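Bear in mind that the values here come from a model prediction, so they are computed numbers and not experimental data. So you know, we letter chains A, B, ... as the sequences are listed, proteins then strands, and number each from 1.
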Protein chains: 2
Amino acid sequence: MSLRHALLGLLVDRQGSGYDLMKLFETSLANVWPATQSQVYGELGKLADGGLLAVAAEGPRGRKEYSLTESGLAELRHWLVDVEPTRVHRSDMLLRVFFLGALTREEAHTFLVKEQLRASQDHDAYEDIKEKIDWGDDMISVNGRIALEFGLRLSAMREEWAQWAADQLTVPS
Amino acid sequence: MSLRHALLGLLVDRQGSGYDLMKLFETSLANVWPATQSQVYGELGKLADGGLLAVAAEGPRGRKEYSLTESGLAELRHWLVDVEPTRVHRSDMLLRVFFLGALTREEAHTFLVKEQLRASQDHDAYEDIKEKIDWGDDMISVNGRIALEFGLRLSAMREEWAQWAADQLTVPS
DNA sequence: GTTGACATGTAATTGGTTACATGATTAG
DNA sequence: CTAATCATGTAACCAATTACATGTCAAC
């Protein structure tokens, strides 16, 4: 149930339509919590029904501008403070690693080299974001920097690990 | 659709019932791809219907022992070699980071310190596994070690990052 | 004979993805 | 006038979670 909280969070220091929030999503939260258009519109409706959001204004083309209510902010804060983040993270990449023995050594090696490349590309992409985005001083910009640093460290780690893992295969015990 | 491949993978160098596979899951794959009992039994049925698995033997208590077929192995290898691993990984922890501005500085600091602690505990748990599990030489043991190393490096990274992030809050720009 | 491990399944619900469908407004 | 952007929604499907339901066999 994190999407609802993502939407509440985006509405803390701004007000916006589903369309606005979708665009914000793409340029910020999509890396940690992807969502589709249908999901966003659906969830906004439910949040408004539940009184966590209010329709602050209606514009052209049926545009509905949402704003956070008292109870919406309370729910967000409750989620941040009291709800434990999920422990396990699914990774189909690591799942594959378990079964690399079903491939030839060359194929397994290729798999790990590709992962190393992906990690390296991800790292580059994060570096790009760090340089090119002009960071505002709003909440998601300030804290987005902290999250971005995680991405940078993670991709660096993945690259080193994949290198190490590929070496393990090349020189077996 | 990774669960099907997880099951195919487990059946590469052994043969087993849903019950057996569940137990194997818990002690190996659960960290990278959790699955429930109902999911496992359901998926095994579908895989058998599709000819990727065969019922090799039937035992007491309705026990059905599955084995990998030719086309099952082919499908596994295809997934390993040709299907790109998922790019984005959801993290409700990082999602929360974006919204830390909705908390007081103390609350936000506490959140990051708790994350540091979780990472540290995860690291300890992985160290424990590394020491205590007696590793066989079967496929999932050999490659499980490679995956475990990822867990160790990731938890170390998370711990350092959380420490850094907590410091960022304490001494603001 | 009773407890615990073995063993399999179904049903209801939720969250997420993909595809489809429609239409208004603005800028060139 | 026409293309791009704005704007919202529905429907079908799939994967995963939770809870329920049932029953067997072995060991003590």
Side-chain angles (χ1 to χ4, degrees), chain A residues 1-8 10 15-27 29-50 53 55-66 79 83-92 95, chain B residues 1-8 10-11 14-27 29-50 53 55-66 79 83-92 95:
Chain A
M1 285 226 301
S2 294
L3 177 62
R4 28 188 317 108
H5 298 107
L7 295 173
L8 295 174
L10 286 175
Q15 196 175 302
S17 64
Y19 192 84
D20 295 338
L21 295 175
M22 270 305 296
K23 279 195 300 177
L24 257 174
F25 235 94
E26 281 156 25
T27 58
L29 309 184
N31 289 299
V32 304
W33 204 272
T36 59
Q37 178 254 53
S38 18
Q39 232 185 323
V40 168
Y41 283 110
E43 203 62 48
L44 284 173
K46 285 181 213 160
L47 286 165
D49 288 351
L53 295 182
V55 179
E58 306 209 24
R61 277 162 296 197
R63 175 186 172 90
K64 271 174 279 183
E65 209 154 79
Y66 292 96
W79 174 72
V83 183
E84 285 282 299
T86 305
R87 48 241 137 257
V88 192
H89 290 114
R90 279 172 218 276
S91 165
D92 58 330
L95 183 59
Chain B
M1 287 225 302
S2 294
L3 176 62
R4 27 189 317 108
H5 298 106
L7 295 172
L8 295 173
L10 286 175
L11 289 166
R14 85 204 79 244
Q15 194 175 303
S17 64
Y19 192 84
D20 295 338
L21 296 176
M22 271 305 294
K23 278 196 301 177
L24 257 173
F25 234 95
E26 281 156 25
T27 57
L29 309 183
N31 290 298
V32 303
W33 204 271
T36 58
Q37 179 255 54
S38 19
Q39 233 185 325
V40 168
Y41 284 110
E43 202 63 48
L44 284 171
K46 286 182 212 159
L47 286 166
D49 288 351
L53 296 182
V55 179
E58 307 209 22
R61 278 162 294 198
R63 175 186 171 92
K64 272 173 275 181
E65 207 153 81
Y66 292 96
W79 174 71
V83 183
E84 286 281 302
T86 304
R87 49 239 139 257
V88 192
H89 289 114
R90 278 173 218 277
S91 165
D92 57 329
L95 183 58

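If you check every strand for non-hydrogen atoms under 4.0 Å, A:Arg4 touches nothing. Nucleic acid contact class of A:Ser17 (heavy atoms, under 4.0 Å, all strands): sugar-phosphate only.
Protein chain B contacts DNA chain C from C:dA5 to C:dT17, reading 5' to 3' and using non-hydrogen atoms of the protein with a distance under 4.0 Å.
Each of A:Pro60 and B:Gln37 was matched to the nucleotide of DNA chain C holding its nearest heavy atom; the match closer to the 5' end belongs to B:Gln37.
Side-chain contact between A:Leu24 and A:Tyr19: absent, with no pair of heavy atoms (C-beta onward) separated by less than 4.5 Å. B:Leu95 places a side-chain heavy atom less than 4.5 Å from the side chain of A:Trp79. Proximity of B:Leu3 to B:Phe25: side-chain heavy atoms (C-beta onward) are separated by under 4.5 Å at one or more points.
Look at OH on B:Tyr19: it is 12 Å from C1' on D:dT24, rounded to the nearest Å. When rounded to the nearest whole Å, the span between OH of B:Tyr41 and C1' of D:dT17 equals 17 Å. Remark: C1' of D:dA21 and CZ of B:Arg61 are 18 Å apart, rounded to the nearest angstrom. As rounded to whole Å, 15 Å separates atom C1' of D:dT17 from atom CZ of B:Phe25. Across the protein-nucleic acid pair, B:Glu43 atom CD and D:dC14 atom P stand 12 Å apart, rounded to whole Å. Atom CZ of A:Arg90 is separated from atom C1' of D:dA15 by 9 Å (rounded to the nearest Å). Between the NE2 atom of B:His5 and the P atom of D:dC14 there is a distance of 15 Å, rounded to whole Å. For the pair A:Asp20 CG and D:dA7 C1', the interatomic distance rounds to 10 Å; values are reported in whole Å.
Comparing D:dA19, D:dA16, D:dA7 by their closest approach to the side chain of B:Gln39 singles out D:dA16.
Of the residues listed (A:Leu7, A:Leu53, A:Leu21, A:Leu8), the one engaging A:Glu43 in a side-chain contact (heavy atoms from CB on, under 4.5 Å) is A:Leu7, and it is the only one.
A sub-4.0 Å separation between OP1 or OP2 of D:dA7 and a side-chain N or O of A:Arg63 is present. Listed pair A:Lys23 / D:dT5 fails the phosphate criterion, with no side-chain N or O lying under 4.0 Å from OP1 or OP2.
For the atom pair CZ (A:Arg90) and CG (B:Asn31), the distance works out to 12.0 Å, reported to the nearest 0.5 Å. To the nearest 0.5 angstrom, A:His5 atom NE2 is 13.0 Å from A:Leu10 atom CG.
Salt bridge B:Arg63/B:Asp20: present, at least one basic N to carboxylate O contact under 4.0 Å.
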